[in-house]
**Q** 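Can you keep this structure in mind? I'll have questions shortly.
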Amino acid sequence: MAKETREFQAETRELLDLMINSIYTNKEIFLRELLSNASDAMDKLHFAALTNRDILGGDDNYEIFLVPDKENHTLTIADNGIGMNRDEVIENIGTIAKSGTKAFLDQLKQAKEENADLSDKDLIGQFGVGFYSAFMVAEKVAIVTKKAGESQAWRWESTGDGSYSIEEWDRDRRGTSIIITLKKEFYGDEAESDFTANYQLQNLVKKYSDYVRYPIKMDFEIEETPKDSEGKPIEGAEKIKRHEIRTLNSMQPLWTKNKADIKEEEYHEFLKNQFHEWENPMEIFHTKAEGNVEYTALLYIPAKAPFNLYHTDFEPGVQLYSRHVFIMDKCKDLLPDYLRFIKGLVDSPDLSLNISRELLQQSQELKDIGRALEKNILKSLERKLKNKREDYEKFWNEYGKSIKIGVYNSMYSGRDTIDKLKNLLLFMTSKEGKLASLKEYVERMPESQKKIYYATAKDKGTIERLPQMELLKEKGIEVLYLLDPVDEFAIETLHDYEGKEFHSISRGDLGLDDAESQETKKETEDIAKKNDDLMKDIKSVLGDKVSDVKISTRLKSGAVCLVADEHGPSLSMEQTFAEMNNPMFKAQRILEINPRHELFTRLQSLHAANKEGQDFKDYCDLLYAQALIIEGILPENPVDFAAKVAQLMAK
Ligand code: ADP
């Protein structure tokens, strides 16, 4: 096949531009990224070889070579991992297939505009664009790669200017070489960072990639005085040069060391190296267990949730090792889904090396280890909530959604999940606008209050302005603010906390028990009786749009509000379903009218004058439209609504 020149996908080009124009100050990390790709390629091969040894072609010596070339100003990173065929090169290198690239670019641009210190932001790692970091130091990057088990090799090359070339090439060994032609700031004795200097490369490997579990090798030229037969240097003899291949990384698995001997930074570097993380973690769990099952686990809660944590393309899971030998990446079956943000690994002699994924999933050992680790993690989170509130809130802001989804999913995973998670939940509340746990809420509930009240909206301000809030505020009743669509689903699944039922302020009877509320209730019942016809006629004007029209007990100064029936989806759930293309889930809408509002008197008189008249009908429509708007829902016919308002104003 002849050499072919192809264009990068638009997003890739944009990303390359940003890389080349140095968005990231710490340029040396490109080496870590490429070494970690090489190590991944080796893992992939190793995994494929478990079921198909032929793929190795007799070469089971996994290694990475660093080859600096001072003369040609190049640095080559060569691995004998899985390699890529032509389609894979185009797919993996020429395009960014991942969703969220756009989000990444936007964040990057914004950070650039704000001149933010990008070393503080896990942008590149978070979005997995490691390979492109080579362009921070490269004038040109070439890839020569041959897929394990295939015969044709390929060469890809680009200067990062919008296009790349791809052609057939010769290469003996399987695997990939990344050949970087360095920009002039990055080679030579004068350069601040000389990526062709052995000692600099050696330091970088030590600093960033010491735990890569495959040897990273480099050729060293050594000058020595020749020795005599007894091994003593011969004085005056001319020095001789010889070559020695050295392994630069220690490869000792960090987790096998004693906790007391591990420095904090070592844990951090390990995370960054092995798991494509950029920032220091929020929490580290390093546990060894002996007994029923034996294992060592090194788990992390990363500082930032990945952008795609809740997308279907996110692959949760930790790495599995058996006696320090890598078995599997991203094992989903170890920890429950609500801990999907945990990164790290588990090493256990009780896990068998050569069993298939399917069998491993069912293994009792895996289940036991998972259960023990889950317990540890949840306990530590509970401790954090109790003793380090600020840290816990940070955790909550990043990962709270996972926990809430976990509560919701207890419908499938079982009620015991609820008992595990309910005390970890935090919600913003009307009290000082702070996060509160359910326990805190219940503890400060006045005795007369029987239920836990909540309100839903997209933001705090909207909830605070809801007409339904006014009365509760006046009575000093604390309300939970459910601001994320998943919140209400979680709360409804919970049903109650310590016997106290949850109740939406926009649903059914609020069940307020104080004397004043009882009084209002009685009064309202009287008014309702007297106005039964009026309510019925409003309902018949509005038809199917509402399931009922009622006199309200929950309104103070507002004229109307929409509430949902005691059962079935609420209005905000209905909106969430609609956004997910599930428009069949409709809330039973009940229009409530405030009998103490002047508008009510006006309605009464219009009704009395002519209940068939257009004026009465228009008023009903307008009332309903207002109630919708308050809920953040657009009236079905905004033009008609506006026209009716205009007419009224002109009167
Ligand atoms: P990530 O590693 O986060 O997926 P990269 O941009 O670093 O993103 O790499 C893109 C893809 O290119 C990788 O997922 C992998 O499929 C492929 N790739 C990169 N380097 C190598 C390599 N040394 N050997 C084989 N495949 C590689």
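Both ligands and their constituent atoms are indexed starting at 1 by order of listing. Numbers here are sequence positions counted from 1.
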**Q** Go through the structure and list residues passing salt bridge (Lys or Arg N to Asp or Glu O under 4.0 Å) with Lys217, not counting sequence neighbours.
**A**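 So Lys217 forms a salt bridge (Lys or Arg N to Asp or Glu O under 4.0 Å) with Glu63.
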**Q** Counting only heavy atoms not in Asp170, do more than 12 fall under 6.0 Å of its CG?
**A**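 No, CG of Asp170 has 12 or fewer neighbouring heavy atoms, counting only those of other groups under 6.0 Å.
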**Q** Using a strict 4.0 Å cut-off to heavy atoms of Lys44, name the atoms of ligand 1 that fall inside it.
**A**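 Those atoms are 15 (C), 16 (O).
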**Q** Look at the rings of Trp255 and Tyr321 and say which category their plane angle falls in: under 30° parallel, 30 to 60° tilted, over 60° perpendicular.
**A**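 Ring orientation, 0 to 90° scale: tilted.
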**Q** Quick one: does Tyr132 get an N or O within less than 3.5 Å of an N or O on ligand 1?
**A**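 Such a contact does not occur with ligand 1.
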**Q** Please list, in number order, the atoms of ligand 1 under 4.0 Å from a heavy atom of Ile93.
**A**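 Those of ligand 1 that fall under 4.0 Å from Ile93 are 12 (O).
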**Q** With Tyr164, which of Tyr132, Trp154, Phe135, Trp156 fulfils ring-ring contact (aromatic ring centres under 6.0 Å, His included)?
**A**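 Per the ring-ring contact (aromatic ring centres under 6.0 Å, His included) rule, the option paired with Tyr164 is Trp156, out of Tyr132, Trp154, Phe135, Trp156.
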**Q** Compute the minimum heavy-atom distance from Glu33 to ligand 1 and say whether it is under 4.0 Å.
**A**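 Distance cut 4.0 Å: Glu33 fails for ligand 1.
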**Q** Would you find a donor on one side and an acceptor on the other, under 3.5 Å apart, between the side chain of Lys146 and the backbone of Asp172?
**A**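 At least one qualifying donor-acceptor pair exists.
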**Q** Below a 4.0 angstrom heavy-atom separation, can you tell me which part of Met84, side chain or backbone, both or neither, approaches ligand 1?
**A**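 It is the side chain that gets close, since no backbone atom is under 4.0 Å.
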**Q** If I apply the N/O under 3.5 Å rule, does His276 come out as touching ligand 1?
**A**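 The answer is no, given that His276 and ligand 1 share no N or O pair closer than 3.5 Å.
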**Q** Can an N or O of Asp40 be found at a distance shorter than 3.5 Å from an N or O of ligand 1?
**A**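 N/O-N/O distance below 3.5 Å does not exist for this pair.
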**Q** Considering residues at least two apart in sequence or located in another chain, which fulfil the side chain to side chain donor-acceptor pair (under 3.5 Å) criterion with Glu390?
**A**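 Glu390 satisfies side chain to side chain donor-acceptor pair (under 3.5 Å) with no other residue.
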**Q** Does Phe395 have Lys384 sitting over its ring (NZ/CZ under 6.0 Å from centre, angle to axis within 45°)?
**A**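 That pair does not qualify as a cation-pi contact.
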**Q** Please work out, at 4.0 Å between heavy atoms, whether the side chain, the backbone, both, or neither of Thr176 comes within that distance of ligand 1.
**A**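 The answer is the side chain.
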**Q** Decide whether an N or O pair under 3.5 Å exists between Phe131 and ligand 1.
**A**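 Yes, since at least one N or O of Phe131 sits under 3.5 Å from an N or O of ligand 1.
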